[in-house]
Amino acid sequence: MSDLTDLTIAEAREHLAQKKISAVELAKAYQSRMVGHKDFNAYIIETPEIALAAAKVSDEKIAKGKAGIMEGIPIAVKDLFCTRGVLSTACSGILAGFKPPYESTVTANIFGAGAVMLGKTNMDEFAMGSANLNSFYGAVKNPWKRKKDNKDLVPGGSSGGSAAAVAARICAGALGSDTGGSIRQPASFTGTVGIKPTYGRCSRWGMIAFASSLDQAGSIARTVQDAAIMLEAISGFDEKDSTSAEMQTPKFEKALAVKDVKGLKIGIPKEYHSERLDPEIKKLWESGADWLKKQGAEIVDISLPHSKYALPVYYIIAPAEASSNLARYDGVRYGLRIVESADSLDEMYMKTRGEGFGPEVKRRIMMGTYVLSAGYYDAYYRQAQKVRKLIIRDFDEAFKKVDVILTPTTPSAAFALDEKPTDPVEMYLNDIFTVPVNLAGIPAISVPAGLSKDGLPLGLQLIGKMWDEETLFRVGGVLETAADFKTRAL
Ligand code: GLN
């Protein structure tokens with residue numbers, strides 16, 4: 001048999017069910033591949049004993065005919081999820097050494113479905129970033145290289161470690177989180193599939209908070225089917241999260257059985273066409289629309305007039321919520337505490353927070369505190385909330401006419417580690433196509449669709465109606481087949 005790490009989740013599950021391979025063999029195959037690819041810095045910690053113990057249990061369950069939907073599948077977990085007794089830091093110095101005494105609901109769900117954890121993945125500190133350059137554990141390297149030079153590229157962010165691990169096949173699939181694009185943008189940069197579900201589909205309990213009204217867990221995988229399997233495993237109501245929806249989780253994988261898009265209307269938002277749009281991205285977007293048309297969909301022009309305000313609105317609301325969420329890191333309860341030369345409690349707080357947080361996190365805390373301050377609340381925060389409502393209304397109107405919206409995922413392909421923009425706002429522009437989706441709470445998937453002239457992967461984004469991930473998987477599956485994206489990073 002070819003290398004076990006070449007199998008998709010669906011294929012591996014088949015092999016396990018037919019007892020052609022064991023879960024222990026599969027876990028070991030990934031572990032030996034991980035040894036050869038440490039240079040990507042995708043994992044901040046590997047958990048080999050936990051993986052092998054879980055794989056053994058999976059083999060027993062398979063033998064007894066009690067396999068879960070992810071039984072024996074080796075996965076990676078973004079370090080944003082609290083995992084019982086295992087380092088969970090959101091890649092921040094302020095949580096250095098933190099091992100939670102509890103398990104996040106999403107990870108509990110996926111382990112309950114049989115998944116085997118290989119380790120925790122690197123990410124931007126507190127999920128703030130688009131390049132994985134803001135991590136306490138250092139940058140992640142994208143497994144892809146571009147033709148014109150041999151420079152190390154960023155994997156995107158903030159789920160950069162998860163996306164790089166999937167692309168390098170040092171896990172079968174990975175958990176990510178998406179507040180403004182952190183699953184879809186790295187998926188686009190690494191030639192992987194990434195889905196952010198509807199807000200409330202997955203519990204946020206035990207997921208280290210960044211911006212609570214935007215954060216959602218989701219999956220990064222090699223295929224649309226694998227992403228669907230993983231999403232099904234992590235979704236579901238949780239009474240521990242008041243924003244988790246009391247809904248039945250659909251059988252997402254079944255949505256893929258419909259292999260056409262006949263009768264569906266696909267919206268193309270005119271506002272996403274700017275003069276500054278890279279011609280190769282524009283071309284790929286047009287190809288995407290053509291493929292779907294050939295498979296029976298109708299292409300409809302739509303308008304999302306307020307989407308031009310999405311980025312400024314996001315960069316008021318997300319930092320505002322972050323400044324409040326991150327107030328809990330004060331050196332008292334957990335993580336870092338700096339007491340040396342601190343003469344008072346206030347000084348201990350200041351020293352701990354001053355040393356524990358990185359520069360981007362500090363920038364967001366300051367922005368957030370400012371927009372929430374008494375003198376500026378009305379001018380910024382309240383105004384942003386009103387515009388957020390208009391952005392939601394735009395999508396509501398659009399979805400009266402169409403079933404799904406098609407856009408590019410990112411405005412460019414992956415850039416080099418040393419091409420980091422000096423202006424933070426330029427970095428924020430990476431999320432121009434993804435943030436409106438989080439503001440509206442609706443689901444979206446990124447599917448690898450083509451290569452840039454430099455030979456780097458580019459993704460297309462499908463945006464769906466609230467609670468309609470099934471149509472996203474159906475259309476995503478058709479897009480995946482049409483794009484026939486077979487190139488691998490290595
Ligand atoms: N890149 C965006 C930010 O820096 C989105 C991050 C995310 O989705 N977690 O805030």
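When a ligand or atom number is given, it counts from 1 through the structure's own listing order.
- If you look at Asp431 next to ligand 1, the close heavy atoms, those under 4.0 Å, all belong to the side chain.
- The pair Asp418-Lys151 meets the salt-bridge criterion, since a charged nitrogen lies less than 4.0 angstrom from a carboxylate oxygen.
- Annotation: Tyr428, atom OH; neighbour count of heavy atoms from other residues, nucleotides and ligands within 6.0 Å is above 12.
- Close N/O approach between Ser177 and ligand 1 is not found [any backbone or side-chain N/O within under 3.5 Å].
- Those atoms of ligand 1 that come under 4.0 Å of a heavy atom in Ser158, given as number and element, are 9 (N).
- Taking each of Met427, Arg364, Met123 in turn, the one with a heavy atom nearest to atom 4 (O) of ligand 1 proves to be Arg364.
- Polar contact check, Gly180 against ligand 1: a nitrogen or oxygen pair lies under 3.5 Å apart.
- Nearest protein neighbour of atom 3 (C) of ligand 1, counting heavy atoms only, is Tyr315 OH, 3.2 Å.
- A donor-acceptor pair under 3.5 Å is formed between the side chain of Asp394 and the backbone N or O of His306.
- Listed for the Arg169 side chain is no donor-acceptor partner under 3.5 Å among the backbone atoms of Val166.
- Taking CG from Leu479 and CG from Leu472, the interatomic distance works out to 11.0 Å, rounded to the nearest 0.5 Å.
- Between Ala127 and ligand 1, at least one N/O pair is under 3.5 Å apart.
- With Phe126, Tyr428, Tyr314 as candidates, the residue nearest to atom 10 (O) of ligand 1 on a non-hydrogen basis is Tyr314.
- Using a cut-off of 4.0 Å between Lys/Arg side-chain N and Asp/Glu carboxylate O, Arg204 and Asp238 are scored as not salt-bridged.
- Listed by number with element, the atoms of ligand 1 under 4.0 Å from a non-hydrogen atom of Met128 are 4 (O).
- Among protein heavy atoms, the minimum distance from atom 6 (C) of ligand 1 is reached at Ser182 OG, 2.9 Å.
- The existence of a salt bridge linking Glu469 and Arg474 is excluded, since no basic side-chain nitrogen approaches an acidic carboxylate oxygen closer than 4.0 Å.
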